[in-house]
Asker: 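To start, I am sharing the structure in question, which I have written as structure tokens.
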Amino acid sequence: GLGRVDLSLFYLSHCLKKEKVNPPKSPTASFTQLPFADLRFTTRSALAASAAAAACLVSTPSSAFVPSRPAFGTAAAKSSGARCPSSSSSLGMAEDNTDKIRNIAVIAHVDHGKTTLVDALIRQTGVFRDESQADEAGERVMDSEDQERERGITILAKNLAVMRDGVKINIMDTPGHADFGGEVERVLNMADGVLLVVDSVEGPKPQTRFVLDKALKKGMKALLVVNKIDRPAARPDYVVDKAFDLFVELGASDEQTDFQIVYASGLQGKAGLEPDDMSDNMEPLFDTIMEAIDPPKIESTESNDLQCLISNIVYDDFKGKMGIARITEGSVKAGQQVALAQPGKDKKTGRLSKLFVFDNLGQKEVEEASAGEIIMFAGLEDVEIGDTLITNENGGVDAADPLPPIAVEQPTVRMTLGVNKSPLAGREGKFLTSRMIRERLFKELDRNVALQVEETESADKYMVSGRGQLHLTVLIETMRREGFELEVGPPSVIYKENEETGQTEEPWESVEVRVPEEYVGGVVDLLNQRKGELQDMGLDEGEGMSVIKYLVPTRGMLGLRSAVLTATRGTAILDSVFDSYRPQIKSEIQGRDKGSLLAFADGSVTSFGIEGAQDRGKMFCEPGDDVYKGMIIGIHQRPGDLEVNVCKTKALTNMRSATKGITTGIQGAIEMSLDASVEYLAADEILEVTPSQFRMAKNPEMAGKKKKGKK
């Protein structure tokens with residue numbers, strides 16, 4: 001019998017070296033304390049576990065033969081980050097589990113292909129059952145919101161998890177637009193590294209700098225993905241050089257600057273380590289993620305050391321308010337007594353009713369999860385973004401300290417939202433009162449960390465502040481689709497006082513415009529009118545477009561996008577990102593140069609009335625539309641406002657004239673979207689938002705404060 005044992009130990013020790021499985025650190029470990037693999041694991045993994053058992057048998061033969069049965073099948077799968085309930089040496093287990101986890105955030109400038117790249121990763125990891133299910137899911141699976149699909153951008157950051165060669169990769173898809181930078185900032189708290197996606201033609205852009213700066217300051221390593229390598233004008237060497245320059249400018253460490261590079265085409269589902277040597281799948285990208293992105297670094301998985309910073313909130317019709325967080329230290333179980341803590345605030349205690357980890361595009365319920373894993377939990381209705389989940393067992397005597405809350409950039413633009421008080425109010429909406437609007441706005445604060453809501457002197461108006469105009473219009477559009485009626489004021493910038501100098505400062509933005517050479521003069525003229533300062537101008541060799549870089553006050557950016565598109569016949573690409581606060585410019589910044597056509601009286605628009613009014617400018621209304629006095633019904637062709645009667649009817653008399661048979665055609669009305677309407681608003685105008693209509697009008701509260709014909 002001893003001979004067979006010696007032979008078995010020799011064979012298993014050979015497997016131990018081959019599989020690189022470390023024996024347990026504890027010299028008194030018993031069979032019940034060994035990290036036995038689940039019976040569902042492969043033979044190779046089971047053999048490695050047996051080798052570890054043999055190593056323990058050799059080191060402590062007297063304590064190894066404890067009359068207790070090994071708890072096969074009770075060890076949680078490594079991919080879920082759970083620990084064996086019978087394990088008392090949790091640190092060793094945690095180290096073994098965290099090697100099987102990677103937490104990455106995908107960051108980039110808008111329209112550089114993040115979501116398409118994530119789509120390719122999803123399709124090549126067996127998430128979909130077959131091709132028919134993949135086709136049913138469609139393209140850009142992660143952009144699940146209606147507005148995201150309509151606008152073609154990512155608005156909300158989302159989590160998913162895929163399995164690759166036994167390693168669980170938690171992926172966070174983030175927005176690329178500067179207005180949604182708050183989503184990126186909170187998501188980075190759950191990641192250990194980032195995939196920096198850069199277009200193979202455009203290279204790093206303003207938002208690329210913003211998101212990379214946030215990641216580098218957190219000490220994260222980045223993997224550069226040069227995407228859209230299949231574009232005919234691709235110039236990968238130029239893009240890599242520009243990316244390296246950006247790392248250096250942002251003060252990256254030597255380790256961060258030594259980044260790895262993968263070339264990819266998310267649309268074709270291909271990747272490679274060289275631009276001219278592409279694989280037929282995303283395998284090179286998966287392999288490089290394993291090498292370049294470090295697994296989670298943890299110190300303990302003991303229950304009392306639990307620290308879990310809440311980074312997102314979701315709502316479920318059946319489970320209620322649920323928190324999403326990454327476990328920094330310790331472990332947590334379903335049903336455990338826990339507390340939510342923030343520095344300087346009282347603890348909120350409760351019990352976890354459900355515990356989930358991310359599994360493909362959905363979630364999987366688990367009993368336990370440990371450090372390094374990203375979880376979603378239910379049972380705590382008071383959970384807020386920035387809370388730290390800690391243990392409350394034994395009254396929380398041995399609980400860890402809460403983590404610092406999430407820090408985000410301050411908002412720069414604000415608008416007023418209030419009760420719709422127009423003569424046509426209440427015809428369509430379901431939610432009309434100030435109480436309903438207030439509840440909805442403060443509910444939005446639970447998950448929108450970059451948003452701020454303040455009460456005003458008026459009981460039926462609220463001041464809503466955000467990162468930019470798009471940030472606020474997305475919220476308004478969401479509320480409109482939910483059935484709200486709102487009265488929206490024009491956007492304005494947020495000034496602040498410099499504590500050192502006492503000067504009033506205003507926000508400035510870094511603007512980059514790519515435009516065909518023949519329209520450069522018009523764009524430069526517009527930016528100069530908005531008090532912009534030229535930073536750089538040149539010709540982009542990639543696509544033959546001129547690139548203009550300016551610093552512009554945020555005041556000047558309001559309404560600029562539509563003016564630039566008009567001046568360039570829709571060919572300009574305008575990108576902007578917050579730069580800094582600088583001393584306020586005392587002079588006024590020119591807005592639109594034309595006035596508005598106003599309705600002369602209440603009534604219904606007639607074709608006869610439009611025939612006479614359309615000579616005065618371009619119309620927003622059509623025959624049959626209801627209007628009221630002071631409502632904006634068109635753009636005046638000259639500066640200053642003009643009242644026109646579009647409700648008048650043709651006189652029904654028996655008089656005839658020689659020109660009776662001459663008729664004039666009615667020109668088509670301009671369809672104004674929400675974004676276009678907000679950009680159009682002047683300081684003394686308001687926007688009425690209903691589930692099916694956008695109506696602009698002069699603000700009755702400001703009537704008489706400006707001379708007629710002046711803006």
Side-chain angles (χ1 to χ4, degrees), residues 102-121 124 162 164-165 167 169 171-174 176 184 188 191-216 218-295 540-542:
R102 297 291 187 277
N103 297 319
I104 60 173
V106 186
I107 59 175
H109 186 81
V110 64
D111 201 32
H112 278 199
K114 294 180 306 301
T115 305
T116 307
L117 186 73
V118 172
D119 256 16
L121 297 177
Q124 296 188 24
V162 297
R164 189 72 176 186
D165 298 331
V167 177
I169 305 175
I171 302 174
M172 286 140 274
D173 185 24
T174 65
V184 181
L188 287 178
D192 296 301
V194 295
L195 261 61
L196 180 66
V197 181
V198 181
D199 189 285
S200 65
V201 177
E202 297 180 359
K205 304 281 278 180
Q207 182 67 0
T208 311
R209 171 185 287 271
F210 173 80
V211 294
L212 181 61
D213 185 38
K214 297 296 180 184
L216 294 179
K218 291 182 177 291
M220 295 182 181
K221 293 169 66 176
L223 166 60
L224 178 64
V225 180
V226 182
N227 197 25
K228 302 185 181 180
I229 198 65
D230 54 319
R231 292 182 65 176
R235 42 181 183 167
D237 293 339
Y238 166 84
V239 170
V240 171
D241 290 343
K242 285 294 184 182
F244 180 81
D245 293 343
L246 181 59
F247 273 78
V248 175
E249 288 175 22
L250 295 176
S253 65
D254 292 342
E255 186 181 16
Q256 290 172 326
T257 309
D258 188 22
F259 53 84
Q260 296 197 41
I261 307 165
V262 175
Y263 303 89
S265 170
L267 196 62
Q268 296 180 352
K270 296 180 179 180
L273 301 181
E274 296 293 338
D276 53 357
D277 184 20
M278 302 291 290
S279 173
D280 291 334
N281 51 39
M282 305 297 286
E283 190 75 31
L285 179 56
F286 281 112
D287 293 341
T288 311
I289 288 174
M290 303 298 180
E291 298 173 13
I293 306 299
D294 297 327
D540 189 347
E541 298 177 0

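Positions are given from 1, in the same order as the sequence printed here. Keep in mind that this is a model prediction, so the values were computed, not measured.
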Asker: Considering all heavy atoms of both residues, which atom of T208 and which atom of H109 are nearest to each other, and what is their separation?
Answerer: OG1-CB, 3.4 Å
Asker: Quick one: side chain to side chain contact (heavy atoms under 4.5 Å, CB included) partners of D230, sequence neighbours excluded?
Answerer: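 With neighbours one apart ignored, the set is K228, S265, Q268.
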Asker: Could you please spell out the steps behind the side-chain contact (heavy atoms from CB on, under 4.5 Å) verdict for V239 and Y263?
Answerer: CA-CA 11 Å; V239 170; Y263 303 89; over 6 Å; no
Asker: Looking at side-chain heavy atoms only, is the closest gap between F286 and L121 below 4.5 Å?
Answerer: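 Yes, close enough: below the 4.5 Å cut-off.
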Asker: Side chains of Q207 and I107: does their closest heavy-atom pair fall under 4.5 Å?
Answerer: no
Asker: Compile the donor-acceptor pairs under 3.5 Å between side chains in residues 246-255 and protein atoms, sequence neighbours left out, one pair per line.
Answerer:
unit_1, atom_1, unit_2, atom_2, d
E249, OE1, R209, NH2, 2.5
S253, OG, Q256, N, 3.3
S253, OG, Q256, OE1, 3.4

Asker: What are the two closest heavy atoms between A234 and S200, and how far apart are they?
Answerer: CB-OG, 3.5 Å
Asker: Within the 4.5 Å heavy-atom criterion, are V211 and T174 side-chain neighbours or not?
Answerer: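 No - every pair of side-chain heavy atoms lies 4.5 Å or more apart.
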Asker: Are any non-hydrogen side-chain atoms of D294 and D192 less than 4.5 angstrom apart?
Answerer: no
Asker: In the structure I gave you, are the side-chain heavy atoms of V198 and V226 within less than 4.5 Å of one another anywhere?
Answerer: no
Asker: Considering non-hydrogen atoms only, spot the tightest contact between P295 and R102 and give its length.
Answerer: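 Here P295 and R102 meet closest at CB-NH1, 3.5 Å.
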Asker: Could you measure the distance from the CG atom of N103 to the CE atom of M172? Nearest 0.5 Å is fine.
Answerer: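 Rounded to the nearest 0.5 Å, the CG-CE separation comes to 5.0 Å.
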Asker: Using salt bridge (Lys or Arg N to Asp or Glu O under 4.0 Å) as the criterion, list what pairs up with D287, not counting sequence neighbours.
Answerer: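 D287 satisfies salt bridge (Lys or Arg N to Asp or Glu O under 4.0 Å) with no other residue.
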Asker: Given side chains that start at C-beta, do those of K214 and V184 come closer than 4.5 Å, heavy atoms only?
Answerer: no
Asker: Are any of the side-chain heavy atoms of V225 and H112 separated by less than 4.5 Å?
Answerer: no
Asker: Do the charged groups of R231 and D199 touch, with an N to O distance under 4.0 Å?
Answerer: yes
Asker: When rounded to the nearest 0.5 angstrom, what is the spacing between CE in M282 and CG in L117?
Answerer: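 Reported to 0.5 Å precision, the distance equals 4.5 Å.
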Asker: Report yes if the side chains of V262 and I289 come closer than 4.5 Å at any heavy-atom pair, otherwise no.
Answerer: no
